[in-house]
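Fair warning: this is a prediction, and the values are worked out from it, not measured in the lab.
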Protein chains: 2
Amino acid sequence: MLKEVPITNTHQEQATLLSSMHMLNKQISAKFEKCTGIGQSRLGILHYLYQVEEMSQTTLQKEVNIDHAAITRHLKQLEASGMVARRKSAEDNRVTLVCLTEEGRSKILHYQNEKDHFIQQMLSGFSKDELNLLADMVERMNQNISRF
Amino acid sequence: MLKEVPITNTHQEQATLLSSMHMLNKQISAKFEKCTGIGQSRLGILHYLYQVEEMSQTTLQKEVNIDHAAITRHLKQLEASGMVARRKSAEDNRVTLVCLTEEGRSKILHYQNEKDHFIQQMLSGFSKDELNLLADMVERMNQNISRF
DNA sequence: ATATATTAATTGACATATCAATCATTGATA
DNA sequence: TATCAATGATTGATATGTCAATTAATATAT
């Protein structure tokens, strides 16, 4: 009659899992920034800019999946720190085109290295199968809650 | 000479995984609050208070692993909304003791139900083995970055 | 052609988190 | 016991994110 785990514990375990994921994410955010010197979102923006010559803010916004307002503010700061340059589009005066500066292009390599190192540490001890399954589960959780 | 995956792709896949986890977490935060009507941290605070008669803010802070300042602000709002009550400790006038009000104690049941429902949805299609492995991997990632 | 819609970007108001500084109280010590 | 250190809570400054309202430019429709 005994299953592996009483049904009443399942709820508790899953709640604990959610809580653990929440805490893990907070840890990751904090440590990522500490190790790399830049936040995940900010580096994500730079990452997309790196792969392209120029990009409108809206395109960028859709790629990195951050609010319009947040993009504007990130880019302002990145511009102020000399990492990116912005200019109005000639064809459509509403759009602002963004690109990495030379300085930004060289600095991002350093950030990427730190990021890779961070990830290596975070995932050390994980087998290839585990990583695949983890990616799969993350994807499925995303799917499951995307309907709401 | 061919391994399963060229080494250069591993970095990219892991970076994608990190990014997916980041996005998942943002999704979870948003949808959780939408579904339950309260944020994860806030409900976490109530959850700990539920299991106990009274608690000092510092004890609570350590349990939920949120900054002192954030705790103070959460509790102020929870007090304003009638969910919790606070009083100074007689033995030590520095400490503030917190407890759920009757109203808070009854409302939390509703929140917990919504939360359980949310989690069920999020984890639907996950086998017991998968859940165990996921919990294990989350724990290991946490361990791996705790040193930094 | 002019009024109306839509689109891109910005700004303001708000929520939540952190860190650093401060205040009040208590404990320890010289 | 008078001083100094440690502790609990609060507050202020700052960072990042959201949503809603606004502004400017372009597209559409009558």
When you match A:K26 and A:L97 each to their closest nucleotide on DNA chain C, which lands nearer the 5' end?
-> A:L97
Are A:T16 and A:Q12 linked by a side-chain donor-acceptor pair shorter than 3.5 Å?
-> yes
Please check the phosphate of D:dT16 (OP1 and OP2 only) for any side-chain N or O of A:Q40 closer than 4.0 Å.
-> no
Looking only at side-chain N and O atoms, does B:S56 come under 4.0 Å of OP1 or OP2 in D:dG8?
-> no
Looking across every strand, which nucleic acid part, if any, lies under 4.0 Å from A:A69 by heavy atom: base, sugar-phosphate, or nothing?
-> base
Base D:dT10 to side chain B:R86, donor-acceptor N/O within 3.5 Å cut-off | no
In DNA chain C, stems of three or more consecutive pairs, Watson-Crick or G-U, each with both distances under 3.5 Å, turn out to be C:1-4 with D:27-30, C:6-30 with D:1-25
About how many Å separate CG of B:L109 and OH of B:Y50, when rounded to the nearest 0.5 Å?
-> 4.5 Å
So, B:R140 and A:E130, do they make that salt bridge, N to O below 4.0 Å?
-> yes
According to a strict under-4.0 Å criterion, is B:H68 in side-chain N/O contact with OP1 or OP2 of D:dT11?
-> no
Tell me what B:N93 touches on the nucleic acid: a base, only sugar-phosphate, or nothing, going by heavy atoms under 4.0 Å.
-> sugar-phosphate
Closest to side chain of A:E33, choosing from D:dT16, D:dT18, D:dA9 | D:dT16
With respect to the phosphate group of D:dT10, does any side-chain polar atom (N or O) of B:T72 fall under 4.0 Å of OP1 or OP2?
-> yes
Taking atom types as modelled and ignoring hydrogens, do the side chains of A:Q57 and A:H68 form a donor-acceptor contact shorter than 3.5 angstrom?
-> no
Going by the angle between their ring planes, with limits at 30° and 60°, are B:F118 and A:F148 parallel, tilted or perpendicular?
-> tilted
Please check the phosphate of D:dT16 (OP1 and OP2 only) for any side-chain N or O of A:R42 closer than 4.0 Å.
-> yes
Contact interval (first through last nucleotide) of DNA chain C with protein chain B, 4.0 Å heavy-atom | C:dT16 to C:dT26
Tell me whether C:dA5 sits syn or anti, counting syn as a glycosidic angle within 90° of 0.
-> syn
